[in-house]
K.L.:
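I'd like to ask some things about the structure below.
Every heavy atom of this structure was used, including side-chain atoms; hydrogens, water molecules and symmetry mates were not.
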Amino acid sequence: MAMLMGKLAHQADLIEALTDAAGANGVRAGAVQVVGALQKAKLGFYDQWRKAYRELPFERPMEIVSGMGNVSLRDGKPFIHLHLALSDDEGKVFGGHALGGCTIFAAEFSIMPLPGEAPVRVFDETTGLYLWERAIYPTEASGEISPELARALLQP
């Protein structure tokens with residue numbers, strides 16, 4: 001499967017839009033990147049003692065300095081796990097786990113599908129998070145990656 005690149009809709013929810021793009025294109029495992037700007041954002045910081053996300057809302061425009069994550073399966077459906085570094089109008093940078101409620105101003109994304117068995121998220125009692133079920137998900141027996149992925153990973 002070839003790498004997907006595209007523009008996400010103005011005023012859409014970032015996580016929902018990325019999930020829809022992955023699902024509509026049959027991506028069950030992959031790497032995600034996103035750049036652009038948000039009209040407002042909601043990040044999460046995972047409180048390891050309480051085992052719950054503390055929400056960090058930003059009710060103002062923010063620039064996506066960096067957005068990276070992955071696609072795997074949760075409850076049999078594509079699930080986007082995304083972390084964002086955002087900057088405000090003074091260049092101050094904030095980061096965390098992207099939560100629902102990030103409203104897109106303008107965003108471009110790439111999803112690099114990965115071969116092999118899709119990672120599956122299951123509840124982990126120790127952390128209170130939905131983590132990948134297995135420690136390692138090997139790629140297909142050939143061990144080869146797509147030319148697109150090779151270019152993305154190996155070119156400076």
Side-chain angles (χ1 to χ4, degrees), residues 1-36 38-58 62 64 66-86 95-154:
M1 183 181 303
M3 180 167 66
L4 306 172
M5 294 177 68
K7 170 180 83 168
L8 299 173
H10 179 73
Q11 294 190 325
D13 180 88
L14 180 62
I15 296 297
E16 288 178 14
L18 288 168
T19 301
D20 290 347
N25 289 282
V27 178
R28 298 165 48 88
V32 176
Q33 294 180 336
V34 63
V35 296
L38 301 172
Q39 292 176 322
K40 63 180 184 174
K42 189 184 297 183
L43 300 179
F45 175 82
Y46 193 72
D47 184 323
Q48 297 174 16
W49 298 108
R50 289 183 34 233
K51 295 184 180 177
Y53 278 101
R54 183 166 46 101
E55 292 184 3
L56 306 169
F58 298 90
M62 302 291 282
I64 301 173
S66 177
M68 64 176 294
N70 57 56
V71 182
S72 57
L73 298 178
R74 181 170 165 187
D75 300 324
K77 299 175 187 167
F79 178 84
I80 302 292
H81 181 195
L82 183 70
H83 284 227
L84 294 173
L86 304 173
H97 180 89
L99 299 174
C102 293
T103 304
I104 297 168
F105 176 73
E108 299 168 340
F109 74 96
S110 59
I111 298 177
M112 293 162 278
L114 298 174
E117 184 180 348
V120 175
R121 292 187 176 277
V122 296
F123 185 75
D124 178 75
E125 288 287 336
T126 302
T127 63
L129 294 165
Y130 282 83
L131 301 176
W132 289 343
E133 186 174 39
R134 296 174 26 202
I136 296 177
Y137 287 86
T139 59
E140 294 172 346
S142 70
E144 295 180 21
I145 59 175
S146 71
E148 295 89 357
L149 182 56
R151 281 192 300 276
L153 295 174
L154 304 176

K.L.:
Output all residues satisfying ring pair (Phe, Tyr, Trp, His ring centres under 6.0 Å) with H10, sequence neighbours left out; order by chain, then residue number.
P.N.:
F105
K.L.:
So, do L99 and I15 sit near enough that their side-chain heavy atoms are less than 4.5 Å apart?
P.N.:
no
K.L.:
Would you indicate whether the side-chain heavy atoms of L38 and L84 approach each other to under 4.5 Å?
P.N.:
yes
K.L.:
Does atom NZ (K51) have a neighbourhood of more than 12 heavy atoms from anything else shown, all under 6.0 Å?
P.N.:
yes
K.L.:
Show the numbers, then the answer: is there a side chain to side chain contact (heavy atoms under 4.5 Å, CB included) between F109 and Q33?
P.N.:
CA-CA 6 Å; F109 74 96; Q33 294 180 336; over 6 Å; no
K.L.:
Measure across A22 and P78 and return the closest heavy-atom pair with its distance rounded to 0.1 Å.
P.N.:
CB-CB, 4.4 Å
K.L.:
Taking the basic N atoms (NZ, or NE/NH1/NH2) and the acidic carboxylate oxygens, is any pair closer than 4.0 Å for E55 and K42?
P.N.:
yes
K.L.:
Within a strict 4.5 Å, meaning less than it, do heavy atoms of the V71 and I111 side chains meet?
P.N.:
yes
K.L.:
Could you work out, with side-chain hydrogen bond (donor to acceptor under 3.5 Å, both in side chains) as the rule, every residue matching D124, not counting sequence neighbours?
P.N.:
T127
K.L.:
Let me confirm one number: the CD-CG distance from Q39 to L14, rounded to the nearest 0.5 Å.
P.N.:
12.0 Å
K.L.:
Does a side-chain heavy-atom distance below 4.5 Å link Y137 with L114?
P.N.:
no
K.L.:
Applying side-chain hydrogen bond (donor to acceptor under 3.5 Å, both in side chains), name anything that partners D13, two or more places apart in sequence or on another chain.
P.N.:
none
K.L.:
For residues L56 and F45, determine if any side-chain heavy atom of one lies less than 4.5 Å from a side-chain heavy atom of the other.
P.N.:
yes
K.L.:
Return the CZ to CH2 distance between R74 and W132, rounded to the nearest 0.5 Å.
P.N.:
14.5 Å
K.L.:
Donor-acceptor pair, distance only, cut-off 3.5 Å: does the side chain of N25 make one with the backbone of V27?
P.N.:
no
K.L.:
First locate atom CD of E16, then atom CD1 of I104, and finally report the distance between them rounded to the nearest 0.5 Å.
P.N.:
9.5 Å
K.L.:
Heavy atoms only: give me the nearest M3-P113 pair and the separation to one decimal.
P.N.:
CA-CD, 3.9 Å
K.L.:
In chain order, what residues pass the ring pair (Phe, Tyr, Trp, His ring centres under 6.0 Å) check against Y53, with sequence neighbours excluded?
P.N.:
Y46, H97
K.L.:
Would you mind telling me which of R28, R121, H81 makes a side-chain hydrogen bond (donor to acceptor under 3.5 Å, both in side chains) with S72?
P.N.:
R121
K.L.:
Do L82 and L18 pass the side chain to side chain contact (heavy atoms under 4.5 Å, CB included) test, and can you show the C-alpha distance, the side-chain angles, and the key distance before you say yes or no?
P.N.:
CA-CA 10 Å; L82 183 70; L18 288 168; 3.8 Å; yes
K.L.:
Would you give the length of the straight line joining atom CD1 of I64 to atom CD of E108, rounded to the nearest 0.5 angstrom?
P.N.:
10.0 Å
K.L.:
Between C102 and K40, does a side chain to side chain contact (heavy atoms under 4.5 Å, CB included) hold up when you go through it step by step?
P.N.:
CA-CA 6 Å; C102 293; K40 63 180 184 174; over 6 Å; no
K.L.:
Would a 4.5 Å heavy-atom cut-off, applied to side chains only, mark F58 and L43 as touching?
P.N.:
yes
K.L.:
Which residues pass the salt bridge (charged side-chain N to carboxylate O under 4.0 Å, His left out) test with R134, sequence neighbours left out?
P.N.:
E117
K.L.:
Please round to the nearest 0.5 Å and tell me the distance separating atom OH of Y130 and atom CG of D75.
P.N.:
7.0 Å
K.L.:
Please identify each residue that fulfils salt bridge (charged side-chain N to carboxylate O under 4.0 Å, His left out) with E133, with sequence neighbours left out.
P.N.:
none
